[in-house]
Amino acid sequence: MEKKKVAVSKVCHGHSRPVVDLFYSPVTPDGYFLISASKDSNPMLRNGDTGDWIGTFEGHKGAVWSSCLDTNALRAASSSADFSAKIWDALTGNELHSFEHKHIVRACAFSEDTHMLLTGGMEKILRVYDMNRPDAAPRELDKAPGSVRTVAWLHSDQTILSSCTDIGGVRLWDVRSGKIVQTLETKAPVTSAEVSQDGRFITTADGSSVKFWDANHFGLVKSYDMSCTVESASLEPKSGSKFITGGEDMWVHVYDFFTGEEIACNKGHHGPVHCVRFAPVGESYASGSEDGTIRIWPLNPANADDNEAPNANGKPKAAVVNDVARKIEGFHISKEGQTEA
């Protein structure tokens, strides 16, 4: 039997409490970026390729449950236990707007066209805010059947996806009518829902099960039962041939999409893994844990030490770091924010 290769991760320190959500931006002219949400109330922005710290968004007064970047990585959004969702300038770190809610906000997502922000949480209400008129009242969809855990956009912003903390299933909402048009049934509450980069699949984690759904016809494509509770799952964005999971066993697993066979098991975290996400170029993936760290793993461990390998833009990694440093002029980059192998 072939011995599995061991991946060496880059460890990203900085958060003082558990990391509960990770989000990668698409590839931009300046590379791609990673934003993390943590119970320490301070979302952090990093270079998605190297993991180097760029800046911290300061202003929330409670745990931050979710964070995201818009398509161009120019604005960030975060949702918090302080009953607010905030919009940030991703170049300077300045707070642009705060949307007040009446209860904990668990999830947020920018629309693909960047003109709308979707929020959901303990109020059981999905709200859509107009980014061109942030002071205007949000549009509210029909009441969700439970406390909202995850939200996402699909079908070129024509459909909204949501899951709940207390009941199973993924609900798909028609944006125009504001009503549920389809429910993807699961036994346990869905703790992670991801729309694939090409828009073909919805990847969900519920209990110890990982499921892949057809995002257009909503049929179940694959379903795999894991050996422990899985909190998060992500599909490789380029070929779609592999997927990753993270959960209560503290390990990050890599599987074959077509057979469900485990390809790799990465150990390094010292607490349950709350979130995993593939980078947009598919060459690496990130995990966030109860231990307060983010780890970035190479998909192909054989290339783990090739520090001068070009990134998706064909530039050496060092050149990309310099590009990012020039772009984020408003943030102070300190030596303490660097990663360690």
Side-chain angles (χ1 to χ4, degrees), residues 18-24 34-39 63-68 79 105-109 118-121 126 144 146-154 160-172 183-197 199-213 215 220-237 240 242-255 257 260 266 269 271-280 285-290 294-295 297:
V19 177
V20 292
D21 188 43
L22 293 171
F23 182 93
Y24 276 104
L34 174 66
I35 189 170
S36 54
S38 168
K39 290 183 181 180
V64 173
W65 287 106
S66 174
S67 58
C68 60
S79 56
V105 191
R106 284 295 302 261
C108 61
L118 171 64
T119 68
L126 293 173
S147 175
V148 177
R149 171 72 180 259
T150 67
V151 296
W153 298 83
L154 64 162
I160 283 171
L161 171 159
S162 72
S163 71
C164 299
T165 57
D166 38 10
I167 57 172
V170 170
R171 274 137 210 101
L172 295 151
T183 300
L184 311 180
E185 299 291 349
T186 65
K187 291 181 180 178
V190 171
T191 53
S192 170
E194 174 192 74
V195 180
S196 65
Q197 194 166 284
R200 291 176 57 205
F201 296 107
I202 299 168
T203 303
T204 63
D206 70 287
S208 59
S209 174
V210 176
K211 296 180 175 66
F212 301 91
W213 311 80
L220 182 61
V221 179
K222 298 274 186 185
S223 180
Y224 296 114
D225 290 324
M226 304 301 166
S227 57
C228 75
T229 300
V230 176
E231 202 164 330
S232 184
S234 181
L235 182 64
E236 193 276 315
K242 298 173 183 176
F243 68 95
I244 52 173
T245 67
E248 65 179 16
D249 66 359
M250 299 187 264
W251 301 339
V252 181
H253 302 267
V254 185
Y255 296 95
F257 171 78
N266 299 318
H269 284 298
V273 178
H274 295 310
C275 44
V276 292
R277 282 295 179 262
F278 263 105
Y285 50 94
S287 56
S289 167
E290 181 76 15
I294 300 163
R295 288 178 178 260
W297 312 82

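By convention here, the first residue in the shown sequence is residue 1.
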Is the closest side-chain heavy-atom distance between [X] and [Y] below 4.5 Å?
X: Leu118; Y: Trp153; value: yes
X: Arg106; Y: Thr165; value: yes
X: Val19; Y: His274; value: no
X: Ser162; Y: Leu126; value: yes
X: Thr119; Y: Val151; value: no
X: Leu34; Y: Ile294; value: yes

Whether the side chain of [X] engages the backbone of [Y] through a donor-acceptor N/O pair (distance < 3.5 Å, no angle test) should be reported.
X: Thr203; Y: Ser234; result: no
X: Ser289; Y: Pro272; result: yes
X: Thr183; Y: Glu185; result: no
X: Thr186; Y: Gly169; result: yes

Can you sort out the partners of [X] under side-chain contact (heavy atoms from CB on, under 4.5 Å), two or more places apart, ordered by chain and number?
X: Ser66; answer: Asp21, Ser79, Cys108
X: Pro189; answer: none
X: Ser232; answer: Ser192, Cys275, Val276, Arg277
X: Ala193; answer: Thr150, Leu161, Val190, Thr204

Residues which pass side-chain hydrogen bond (donor to acceptor under 3.5 Å, both in side chains) with [X], listed by chain and number, not counting sequence neighbours:
X: Ser38; answer: Asp40
X: Lys242; answer: none
X: Ser196; answer: Asp198

Supply the atom-to-atom distance [X] [atom1] to [Y] [atom2], rounded to the nearest 0.5 angstrom.
X: Phe23; Y: Ile35; atom1: CZ; atom2: CD1; value: 9.0 Å
X: Phe243; Y: Lys222; atom1: CZ; atom2: NZ; value: 10.0 Å
X: Met226; Y: Ser209; atom1: CE; atom2: OG; value: 7.5 Å
X: His253; Y: Tyr255; atom1: NE2; atom2: OH; value: 4.5 Å
X: Leu154; Y: Leu172; atom1: CG; atom2: CG; value: 6.0 Å
X: Ser147; Y: Asp166; atom1: OG; atom2: CG; value: 5.5 Å

Looking at residues at least two apart in the chain, or sitting in another chain, which of them share a salt bridge (Lys or Arg N to Asp or Glu O under 4.0 Å) with [X]?
X: Lys39; answer: none
X: Arg295; answer: none
X: Glu231; answer: Arg149

Working for side chain to side chain contact (heavy atoms under 4.5 Å, CB included), residues Trp297 and Val252: CA-CA 9 Å; Trp297 312 82; Val252 181; 4.0 Å; yes
Distance-only polar pair, side chains of Ser287 and His269, donor-acceptor under 3.5 Å: yes
For Val230 against Thr191, the heavy-atom pair lying closest together: O-OG1, 3.7 Å
For Phe257, all residues meeting ring-ring contact (aromatic ring centres under 6.0 Å, His included), sequence neighbours excluded: Phe201, Phe212
Listed partners of Phe278 passing ring-ring contact (aromatic ring centres under 6.0 Å, His included), at least two apart: Tyr285
Ion pair Asp206/Lys187, N-O distance below 4.0 Å: no
